Amino acid sequence: MNLLSKILAHYKRIAIFTLCLPICRKGRYGIDKLVAIVSRLFNKLLKLAYYRKSSLQNNISNAKQSDGFTLVELTVTTMVLGIIAAIAAPSILTHLARMEAQRVKHQLESTLSLAKAESYISRQDVLVCLSNDAQQCHRNSDKTLLLFVDKNNNKHFDSQVDTLLTQQSLNLRYSTVKLRVGGRRHYTKFWGDSGRPRGHFGHIKYCPTSSYNKSMYQISFNQSGIVKHKLNVDHPTKCNG
């Protein structure tokens, strides 16, 4: 059982380090108490690993000679990995949700800035909208962000007629987005004569849908086309609206 003892010793160090990140930081346990808890857990697991039935003695000896794992060792290793994964999962998911919030913020800001520049340079009206099928625009769609020149003026993207400037998949897992423009419009327009969303100013809300996601904000665009990131603490997002 020397191999198993070494494995459990390594897992004990890993478990103590992993537990300290979410638990010690919150002040729920001191480090000494935490080490004691983990040590007791691994001592029990080690005793379980040493328990052998007499009918399996020969098989275990053969497995040791071939430097393989016994069924008990494999079971204990799987249990330990499961414990570590269960402890680390919340921290990992919280980090992934935070990364998503930053990525979507960048996507929204860059698309709106591009709309302003493209409309002014090309002297054409440019539309920005959200869509679930990359064609029909809707205020509460959250699959795709579209930026296009609406040549037939129907306020939706037609691939055979309109000019697509950019199409970005949002790939939301922990949130949703909502476009809010005056007059309950399902799009915002940047006019070609000025590059500004005159009469079409508003914002896009970023709202969490998971308990792991604590981010809530809006990306606004005013009459002058200035794009701003506004945190919920300063400008209530009101995600239910």
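What you see is a predicted model; the values in this text were computed from it and never measured.
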Q | Within 6.0 Å of NZ in Lys143, more than 12 heavy atoms from elsewhere | A | no
**Q.** Distance-only donor-acceptor check, side chains Lys155 and Asn153, under 3.5 Å
**A.** yes
Q.
If we ignore hydrogens and angles and just use 3.5 Å, is the side chain of Asp125 paired with the main-chain N or O of Trp191 as donor and acceptor?
A. no
Q: Using distance alone, with no hydrogens and no angle criterion, decide if Asp133 and Ser131 have a side-chain donor and acceptor under 3.5 Å apart.
A: yes
Q. With distance as the sole test, does Lys205 use its side chain to make a donor-acceptor pair with the main-chain N or O of Lys238 at under 3.5 Å?
A. yes
Q. Does Arg173 offer a backbone N or O that forms a donor-acceptor pair with the side chain of Glu100 under 3.5 Å?
A. yes
Q: Determine, stepwise, if the pair Asp142 / Leu172 fulfils side-chain contact (heavy atoms from CB on, under 4.5 Å).
A: CA-CA 8 Å; Asp142 62 1; Leu172 301 176; 3.8 Å; yes
Q | Separation between OG of Ser215 and CD of Gln102, rounded to the nearest 0.5 Å | A | 7.0 Å
Q: Mind running side-chain contact (heavy atoms from CB on, under 4.5 Å) on Leu170 and Thr144 for me, showing each step along the way?
A: CA-CA 6 Å; Leu170 295 175; Thr144 306; over 6 Å; no
Q) Which residues satisfy the side chain to side chain donor-acceptor pair (under 3.5 Å) test with Gln223, sequence neighbours excluded? A) none
Q | Atom of Thr163, atom of Lys151 and distance for their closest heavy-atom approach | A | OG1-CE, 3.1 Å
Q. Between the side chains of Gln107 and Arg103, is a donor N or O closer than 3.5 angstrom to an acceptor N or O?
A. yes
Q. Run the side-chain contact (heavy atoms from CB on, under 4.5 Å) check on Tyr217 and His229 step by step: do they pass?
A. CA-CA 7 Å; Tyr217 59 79; His229 171 233; 3.5 Å; yes
(Q) Return the CG to OG1 distance between Asn232 and Thr237, rounded to the nearest 0.5 Å. (A) 3.5 Å
Q: For Ser169 and Asn171, indicate whether the former's side chain and the latter's backbone hold a donor-acceptor pair under 3.5 Å.
A: no
Q.
Between Lys178 and Cys239 (side chain of the first, backbone of the second, donor and acceptor by atom type, cut-off under 3.5 Å), is there such a pair?
A. yes
Q: Taking all heavy atoms of Lys230 and all of Ser220, pick out the closest pair and write down the distance.
A: CE-OG, 3.2 Å
Q. Got a second to check how far Cys207's SG is from Gln218's CD, nearest 0.5 Å?
A. 9.0 Å
Q: Kindly say whether Tyr174 contributes a backbone atom to a donor-acceptor pair with the side chain of Asn213 at under 3.5 angstrom?
A: yes
Q. Under a 4.5 Å side-chain heavy-atom rule over Ile, Leu, Val, Met, Phe, Trp and Tyr, are Tyr187 and Leu165 clustered together?
A. no
Q) In chain order, what residues pass the salt bridge (charged side-chain N to carboxylate O under 4.0 Å, His left out) check against Asp193, with sequence neighbours excluded? A) Arg198
Q) Does the side-chain contact (heavy atoms from CB on, under 4.5 Å) test come out yes or no for Leu146 and Leu130, once each step is laid out? A) CA-CA 6 Å; Leu146 294 175; Leu130 296 167; over 6 Å; no
Q. Of all heavy-atom pairs between Leu164 and Leu147, which one has the smallest distance, and what is that distance?
A. CD1-O, 3.6 Å
Q | Min side-chain heavy-atom separation Cys129-Thr188 under 4.5 Å | A | no
Q. Do the side chains of Pro236 and Met216 get nearer than 4.5 Å, heavy atoms only?
A. no
Q. Does the side chain of Tyr212 come within less than 4.5 Å of Ile92's, by heavy atoms?
A. no
Q: Please report the shortest heavy-atom distance between Ser224 and Arg196, naming the atom on each side.
A: O-CG, 3.6 Å
Q.
If you compare all heavy atoms of Lys105 against all heavy atoms of Ile219, which two are closest, and at what distance to 0.1 Å?
A. CG-CD1, 4.2 Å
Q: Say whether Phe157 and Leu112 are linked into one hydrophobic cluster, either directly or through other cluster members, by side-chain heavy-atom distances under 4.5 angstrom.
A: no
Q. Heavy atoms, side chains only, cut-off 4.5 Å: are Cys137 and Phe148 in contact?
A. yes
Q) When you measure from the side chain of Asp158 to the backbone N and O of Gln160, does any donor-acceptor pair fall under 3.5 Å? A) no
**Q.** Under 3.5 Å donor-acceptor, Thr111 side chain and Leu108 backbone
**A.** no
Q: Group every Ile, Leu, Val, Met, Phe, Trp and Tyr by side-chain heavy-atom contacts under 4.5 Å, then state whether Leu96 and Tyr206 land in the same group.
A: no
**Q.** Heavy-atom check, side chain of Val181 versus side chain of Phe201, under 4.5 Å
**A.** no
Q) Which atoms form the tightest heavy-atom contact between Asp162 and His156, and what is the distance? A) OD2-O, 3.0 Å
**Q.** hydrophobic_cluster_shared for Leu127 and Tyr120, side chain cutoff 4.5 Å
**A.** no
